[in-house]
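Proteins get letters first, then strands, A, B, ... in listed order; numbering begins at 1 in each. What you see is a predicted model, and the numbers here were worked out from it, not measured in a lab. In what follows, every heavy atom counts, from backbone to side chain, and hydrogens, waters and symmetry copies are set aside.
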Amino acid sequence: MNNPQLNKNGELQHLLTTEGLPARIMRDILDRAATFLDTTDGHEIKKVPLLHGKSVFNIFFENSTRTRTTFEIAAKRLSADVVNLNIGSSSTSKGETLLDTVDNLCAMHADMFVVRHAQSGAAHLIARHVAPDIHVVNAGDGRHAHPTQALLDMFTIRHYKKEFHNLRVAIVGDVLHSRVARSQIHALTTLGVPEVRVIAPKTLLPTMVENLGVQVYHDMAQGLKDVDVVLMLRLQNERMQGAALPSAQEYFKNYGLTEEKLAHAKDDAIVMHPGPMNRGVEIDSRVADGPRSVILSQVTFGIAVRMAVMSILAGGKQ
Amino acid sequence: MNNPQLNKNGELQHLLTTEGLPARIMRDILDRAATFLDTTDGHEIKKVPLLHGKSVFNIFFENSTRTRTTFEIAAKRLSADVVNLNIGSSSTSKGETLLDTVDNLCAMHADMFVVRHAQSGAAHLIARHVAPDIHVVNAGDGRHAHPTQALLDMFTIRHYKKEFHNLRVAIVGDVLHSRVARSQIHALTTLGVPEVRVIAPKTLLPTMVENLGVQVYHDMAQGLKDVDVVLMLRLQNERMQGAALPSAQEYFKNYGLTEEKLAHAKDDAIVMHPGPMNRGVEIDSRVADGPRSVILSQVTFGIAVRMAVMSILAGGKQ
Amino acid sequence: MNNPQLNKNGELQHLLTTEGLPARIMRDILDRAATFLDTTDGHEIKKVPLLHGKSVFNIFFENSTRTRTTFEIAAKRLSADVVNLNIGSSSTSKGETLLDTVDNLCAMHADMFVVRHAQSGAAHLIARHVAPDIHVVNAGDGRHAHPTQALLDMFTIRHYKKEFHNLRVAIVGDVLHSRVARSQIHALTTLGVPEVRVIAPKTLLPTMVENLGVQVYHDMAQGLKDVDVVLMLRLQNERMQGAALPSAQEYFKNYGLTEEKLAHAKDDAIVMHPGPMNRGVEIDSRVADGPRSVILSQVTFGIAVRMAVMSILAGGKQ
């Protein structure tokens, strides 16, 4: 089957999902990302001219200041021109179709689109539509995929654990509604993690989730037992008010990550979260701010990983 | 009469309207625009340092993501610093007058204002008010003028038809409420187009429109007969719900551009539209996406034309 | 007591308030600002590479297009990458805490935060929290402080009056709710102005305002007598509709600055206002636009002063 993310030479053409993304491409992205981080100080990210003269359009049909900012910073670190478009308040409300909007932006000399959309598949639709010299990065589509988040998580895991082939990883929380979880599972299994667990109440798990190659747990003590990595998911506010959960307090009692529950994991386990965190709901502050949390490193690595994706797509040689 | 767009040497000082704009200035803009387009690939627009160190303020009192984006891209291609101001949500709501807002922005070291305003004459008012080293570009004022749109249309026509003096051009649709139509008519007649037609129902034509030097048609078959260029206008949603029109369906039946109606035009006629399009209202998708449509070329040329206007106004020598 | 604005070498680490800011630091800022203004033409502000490769985040928890724009322009004149964040509509509404938001932005490689917040002390809170290589500029916090406004006012006074030690300065209007007034009073007294007056009705004065080292007047004729500088304050609309004032007309009659009232000041007195002005409420148009008004110079100098603050904080050597 044709992979819409790769060109005919097998190179990355768009980044739409981690599902079906070859391991060699993932590793290339992680390796490239490492080059953007100053080895003496993980915080410093040098400004490089790789995308000088290129135009990156952040087209956000769904509001997300945080994600938009990470892509904006990454593009500016690469010396690209960045244009932010909050399309919710724009032409589509004037009756124009999504693809007419995209055609117009292409005609304005876009080199790359970073797309966020509430509908699953929106980034794929755009990628299929644009000319071959234009690249699309999926910054989150519905419940479907959020590949740069998953790749920065992989970068973080590799940074702290060096290898994937000997790890036990647990994903905890609202897997059902989470594009992050879906993208993490595909990335982890592709990169060779032998044991991926999901821990959640039944109401927050997709049916047939086992088919994704994961082991299912409903109990934190069992699910966290001897894991190397704990990937927490954000519990969205609307879930807490809905029928899927009895209450935020009840959820925290059963699935909130506390030091007590974390004690079941390995001593050197790391804790990750895609943010923004609901402290006291899915995670306790002592864990979030504790020695095993690498949550802020994820954010820094996220800039480097987005720079890597963009520069591989549009930047040509380094 | 003094032309507020020209300085005392007859050079372009502001771009406010195509009415009264000398043909030599229009031709200069079109010629300069051509230099920004890569001749081997019409899509590529090189980044040039002509406005490096200059500050362009997009001040939009009326929301228009699309137009704002084209000016932002054009200014960034010229290496200007661009500041976007959505004034609707800003100081004017704090009781400050329009001219106080403008004075403040001038004092912040603006070199150029790109102004969009719902009131006709707003850009003129600002141009009369600012210091001589500050330039104003009208990006649409009320029903009055939209000169960069008209100039990019002229560029597109010249690109495909080479000359103006032997053309028959039809403007179709809501001429009454259209600043685009007004600016197109002035540009076409100034550049020597011998026959400009408008085609619309009486309710969508200004009184005395013939005084602008156009021929009036109410029937598409007659109006499109043997034309070289068809300039479609957008039918704004509020018109469709108002008293001026029976219904969008009825409008499409009579004035919507279909392949059948387009057959009355010359075989090599081109079809243009300023966007965003209402497919199935003023234009049929088979025409919009068909071989005679040059609608997306208009968008690309629009970047080059806006770069030309800005660089002639503020960029000095090339 | 430890000064949170200075590092252990006594250099500026954050700019949070003019209260307790040493006179030598204030003078450094004013001197540095002068270097950014072209001496042959006060309007021109050259683009310099002092912050090339640095990232400035404008994080505005309270909307202010005008103040945000001045910082954006200043940062771009310094060649920084600027990211604008309107946090009101972002993560904090997703339940994230202020400090989690800040931590995330730090992890995105911020070099400097420009912070506007409706709560007094917000900038201090952030400054205490961030790593030592990150700098915070307070762009207005609640009723507490607005130090860059006060410093640009000091620059303007020094520009026109040369010295501080022989001046009589009056601050007129709503001192009670004004962070600008508070910051002005601290700056003026620190820089050695021997006589600072406040003129306001009792309902618009803080209790114990005399403790700040000012003389209190309730009558304009007496308060403006022989002053060198008149600092007008903005009367916010909500005050005019509240219980603190009988009406805008009544306020203008008693405290609005007219030519008649200004006649009590020295002949060469200058008039200043932080903007946006309410013409006909706190200031008459003949004064605002008259020969003694330096209101627009304040805006221009404000860019230079903000460039000075930013370059001293993050730009290293000049």
Find out whether A:Glu72 and C:Asp81 are in side-chain contact, i.e. whether some heavy atom of one side chain is under 4.5 Å from a heavy atom of the other.
no
Distance (rounded to the nearest 0.5 Å) between C:Leu99 CG and A:Arg279 CZ
8.5 Å
Please state whether the side chain, the backbone, both or neither of A:Leu296 comes within less than 4.5 Å of a heavy atom of chain C.
both
Of the listed residues (A:Asn84, A:Asp289, A:Ile295, A:Ile303), which shares the most heavy-atom pairs with chain C below a 4.5 Å separation?
A:Ile303
Please state whether the side chain, the backbone, both or neither of C:Asp100 comes within less than 4.5 Å of a heavy atom of chain A.
side chain
Is there a side-chain contact between A:Thr300 and C:Met108 in this structure, where contact means two heavy atoms from C-beta onward sitting under 4.5 Å apart?
no
Answer yes or no: are there more than 12 heavy-atom neighbours, outside A:His52 itself, under 6.0 Å from its atom NE2?
no
Could you give the distance from CZ (A:Arg68) to CG (C:Leu85), rounded to the nearest 0.5 Å?
6.0 Å
Drop me the distance from C:Asn104's CG to A:Thr69's OG1, to the nearest 0.5 angstrom.
10.5 Å
For A:Arg77 and C:Ser55, which I'm curious about, is there any donor-acceptor pair between the side chains at under 3.5 Å?
yes
Among A:Thr70, A:Val82, A:Ile73, which residue satisfies the side-chain contact (heavy atoms from CB on, under 4.5 Å) criterion with C:Val83?
A:Ile73
